Undergrad: 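A single structure is presented below for examination.
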Amino acid sequence: MSIDSIQDLEVVNSFAQLPPAFYTRLATTPLRRPRLLHANASVAGLLGLSPRALAGQDFLDVCAGSVPLRGGQTLSAVYSGHQFGVWAGQLGDGRAHLLGEVITPQGPMEIQLKGSGRTPYSRMGDGRAVVRSSVREYLASEAMAGLGIPTTRALAIVVGDDPVYRETEERAAVVARVSPSFIRFGSFEHWGGSPQNLRILLDYVIDRFYPECRVQDNPGESALRFLRQVVARSARLVADWQTVGFCHGVMNTDNMSILGLTMDYGPYGFMDGFQINHVCNHTDAQGRYAWNAQPSVVNWNLYRLASCLTVLDIEADALRAELQHYEDDFLAAYRGNLVRKFGWLQWREGDDMLVDDWWRLLHNQQADFTLGFRRLAQALSDPEPWLDLFSDRAAAQAWLAAYAQRLTLENRPDAERIAAMQSANPLYVLRNHLAEQAIQAAHREDSGEIETLLKLLRDPYVEQPGYEDYAQPAPEWACRLEVSCSS
Ligand code: AMP
Ligand code: MG
């Protein structure tokens, strides 16, 4: 049964049951003259809301931060973290408010506003988010979900009149995000000096999200099993990122979900032309979060998470043993993804070399990541569209011959292989220039581009007639687009 007003949802807030040290209860700061730019019917559906609920004043009031969610307890959570490899101490929801949680058939779903005003954790920040970054987060969450990659979701985006000062003056917006939880590695690191609170947080997370890890009367073993699962989920996540050419941009430990979800979309990028050390965030001068560094960064972040668990009297060696599964977990997930993307049936000896050559081929010519995979499906019968992606056609042809040879090891019928590859290699991804067009339109309060992109990205493997432009490599002007941490 779907509900026609967001205020009629049954809302609780289990996070608010934690001791007060974990958060601050406070009110949001409403946007000035809020307007709903877009609402996401599929996420609303997850919460049990009808499409009609999205048109109601109640919905706008809640998503703009003007009225609290009935039954919820608005709060901002504290956390800490390592930023760019350095301990940053206390951070926290500096511009986000958890409104409450809805119990759904898929489990609890929290509703959180981002850009909803200052909090005790704002430090020098203004508590706001700009339209640009809010549209980017809104689109990217749904693009990830469409790709089948674990992510927080986006329910709505509201724009206001409030000026926000970044490099230039911009307008404020709020994104209503939805996730089972927004707890981060940094939420654990925050209690690295306080075993009692760390234990409380760990119990909360295990009970709610990792109940299978609970070993009766053995908290140490429970913690180890929990860590093992976080290792597995984080490895799977980054393997998924790698194989769609996604760069997160700011993989600080405070942006790492304890549930293995993609979260805190900022200066992320889906690569156009492949560059192995591509850095999407212009603020990341050292390239710490380059594409090829992401898997080892996740490993590093897992070490930070594990190291705070040592205060619970868990042997460092036991923790290390769980962490040691990371590489195998990552490789299994990464290879599994590649097997599907290349239309194989299993990973075979020698595939490492062919895949290395593949990355080298793409990198040397900065060939389009997404189309390089997508068009490969038909490259044996109709090579031209695929070869067009490469400037050095001879090199591409040589690799294609090796790939064709590899296919002969498995007698998979061509039609079956092609269909499998098309369901593993998206045609549409959220390219920077597409997001940019949606942002320009959003500044005119035209959500048409958002609507179009959501339609394509929700089903990114299926070709939609009439949308050829959305499946093209980036145009020249897009190469000059820059994204930074400023949001
Ligand atoms: P991020 O790298 O965007 O995930 O943010 C790092 C920290 O800065 C978090 O604690 C954020 O809540 C905080 N923060 C970022 N932007 C703002 C802002 N405009 N106002 C207040 N806090 C912010
Ligand atoms: Mg963050």
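Bear in mind that the values here come from a model prediction, so they are computed numbers and not experimental data. Order of listing sets the numbers, starting from 1, for every ligand and every atom in it.
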Undergrad: Testing the 3.5 Å rule here: is there a donor-acceptor pair between the side chains of Asn432 and Arg136?
TA: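 Side chains of Asn432 and Arg136: pair found under 3.5 Å.
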
Undergrad: Could you name the option among Lys114, Gln90, Arg95 that has the heavy atom nearest to atom 3 (O) of ligand 1?
TA: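 Looking at heavy atoms only, Arg95 sits closest to atom 3 (O) of ligand 1.
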
Undergrad: Quickly, which of Val429, Asp368, Thr370, Leu371 forms a side-chain contact (heavy atoms from CB on, under 4.5 Å) with Asp272? Name it, please.
TA: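 That would be Asp368.
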
Undergrad: Give the residue and atom name of whichever protein heavy atom lies nearest to atom 12 (O) of ligand 1, and the separation in Å to one decimal.
TA: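 Closest protein heavy atom to atom 12 (O) of ligand 1: Gly94 N, 2.8 Å.
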
Undergrad: Which protein N, O or S atoms lie under 2.8 Å from the Mg ion (ligand 2), given by chain and residue number?
TA: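 The answer is Asn255 OD1, Asp264 OD2.
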
Undergrad: Quick check on contacts: which atoms of ligand 1 are under 4.0 angstrom from a heavy atom of Gly125?
TA: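 So the answer, numbered in order with elements, is 18 (C), 20 (N), 21 (C).
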
Undergrad: Indicate whether atom 16 (N) of ligand 1 is within a distance of less than 4.0 angstrom of some protein heavy atom.
TA: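 There is a protein heavy atom less than 4.0 Å from atom 16 (N) of ligand 1.
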
Undergrad: Quick test: of every protein heavy atom, which one is nearest to atom 5 (O) of ligand 1, and how far off is it to 0.1 Å?
TA: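 Nearest protein contact, heavy atoms only, for atom 5 (O) of ligand 1 is Asp254 OD2, 4.5 Å.
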
Undergrad: Locate the shortest heavy-atom distance separating Asp254 from Ser80; write the atom from each residue and the value.
TA: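 In this case the closest contact between Asp254 and Ser80 is CB-O, 3.5 Å.
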
Undergrad: Under 3.5 Å between any N/O of Ser487 and any N/O of ligand 1: does that happen in this structure?
TA: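 Looking only at distances, the answer is no, because the N/O contact criterion of under 3.5 Å is not met.
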
Undergrad: Under 3.5 Å, N or O to N or O, is Tyr121 touching ligand 1 that way?
TA: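 Looking only at distances, the answer is no, because the N/O contact criterion of under 3.5 Å is not met.
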
Undergrad: Between Phe22 and Trp191, how do the two ring planes meet: parallel, tilted or perpendicular, split at 30° and 60°?
TA: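 The arrangement is tilted - the two ring planes meet at 30° to 60°.
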
Undergrad: Relative to the ring of Trp291, is the ring of Phe274 parallel (under 30°), tilted (30 to 60°) or perpendicular (over 60°)?
TA: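 Geometry flag for Trp291 against Phe274: perpendicular rings.
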
Undergrad: Are any of the side-chain nitrogens in Asp313 or Arg199 under 4.0 Å away from the carboxylate oxygens of its partner?
TA: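 No, this pair does not count.
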
Undergrad: Using ring-ring contact (aromatic ring centres under 6.0 Å, His included) as the criterion, point out the one residue from Phe270, Tyr268, Trp241, Tyr289 that pairs with His248.
TA: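 Only one option passes, and that is Trp241.
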
Undergrad: Please write down residue, atom name and distance for the protein heavy atom closest to atom 19 (N) of ligand 1.
TA: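 Going by distance alone, atom 19 (N) of ligand 1 is nearest to Asp126 OD1, 3.0 Å.
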
Undergrad: Does Asn252 reach ligand 1 with a nitrogen or oxygen that is under 3.5 Å from one of the ligand's nitrogen or oxygen atoms?
TA: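 Not met; the criterion fails.
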
Undergrad: Under 6.0 Å from the six-membered ring centre of Phe84 and within 45° of its axis: does the NZ or CZ of Arg288 meet both?
TA: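 Pair Arg288/Phe84 does not count as cation-pi.
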
Undergrad: Quick check on contacts: which atoms of ligand 1 are under 4.0 angstrom from a heavy atom of Asn255?
TA: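 In order of number, 2 (O), 4 (O).
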
Undergrad: For ligand 1, which atoms have a heavy atom of Gln83 less than 4.0 angstrom away?
TA: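 Listed by number with element: 6 (C).
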
Undergrad: Please could you name the atoms of ligand 1 that Arg166 approaches to less than 4.0 Å, counting only its heavy atoms?
TA: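 Here the atoms of ligand 1 in question are 19 (N).
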
Undergrad: Set out, in order, the CA-CA distance, both residues' side-chain angles and the distance that settles side chain to side chain contact (heavy atoms under 4.5 Å, CB included) for Phe246 and Met144, then state yes or no.
TA: CA-CA 10 Å; Phe246 176 79; Met144 277 295 176; 3.4 Å; yes

Undergrad: With the side chain counted from C-beta on, respond yes when Tyr204 and Ser14 share a heavy-atom pair under 4.5 Å apart, and no when they do not.
TA: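 When only atoms from C-beta onward are counted, Ser14 and Tyr204 do touch, with a gap below 4.5 Å.
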
Undergrad: Which of the atoms in ligand 1, numbered in the order shown and given with their element, are less than 4.0 Å from a heavy-atom of Ser122?
TA: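 Within the 4.0 Å cut-off of Ser122, ligand 1 contributes 21 (C), 22 (N).
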
Undergrad: Considering only heavy atoms of Asp264, which atoms of ligand 1 have at least one such atom less than 4.0 Å away?
TA: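 Listed by number with element, the hits are 4 (O).
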
Undergrad: Only heavy atoms of Gly127, strictly under 4.0 Å: list the atoms of ligand 1 that pass.
TA: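 The atoms of ligand 1 under 4.0 Å from a heavy atom of Gly127 are 18 (C), 19 (N), 20 (N), 21 (C).
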
Undergrad: Any donor-acceptor pair under 3.5 Å linking the side-chain atoms of Ser487 with those of Arg95?
TA: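 Ser487 and Arg95 do have a side-chain donor-acceptor pair below 3.5 Å.
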
Undergrad: Distance alone, cut at 3.5 Å: any donor-acceptor contact between the side chains of Thr74 and His97?
TA: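 No - no donor-acceptor pair under 3.5 Å links their side chains.
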
Undergrad: Any chance you could lay out the ring pair (Phe, Tyr, Trp, His ring centres under 6.0 Å) test for Tyr210 and Phe226, step after step, and finish with the verdict?
TA: CA-CA 7 Å; Tyr210 295 95; Phe226 155 78; 5.3 Å; yes

Undergrad: Just go through Gly92, Ala96, Ser80 and tell me whose heavy atom is the nearest to atom 10 (O) of ligand 1.
TA: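 Minimum heavy-atom distance to atom 10 (O) of ligand 1 goes to Gly92.
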
Undergrad: Which salt bridge (charged side-chain N to carboxylate O under 4.0 Å, His left out) pairs, counting each pair once, include a residue from residues 166-179, with sequence neighbours left out?
TA: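 The answer is Asp126-Arg166, Arg132-Glu170, Glu137-Arg177, Glu169-Arg171, Arg177-Asp264.
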
Undergrad: Note the single closest protein heavy atom to atom 8 (O) of ligand 1, along with its residue, its atom name and the distance in Å.
TA: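 Its nearest protein heavy-atom neighbour is Arg123 NH2, 2.9 Å.
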
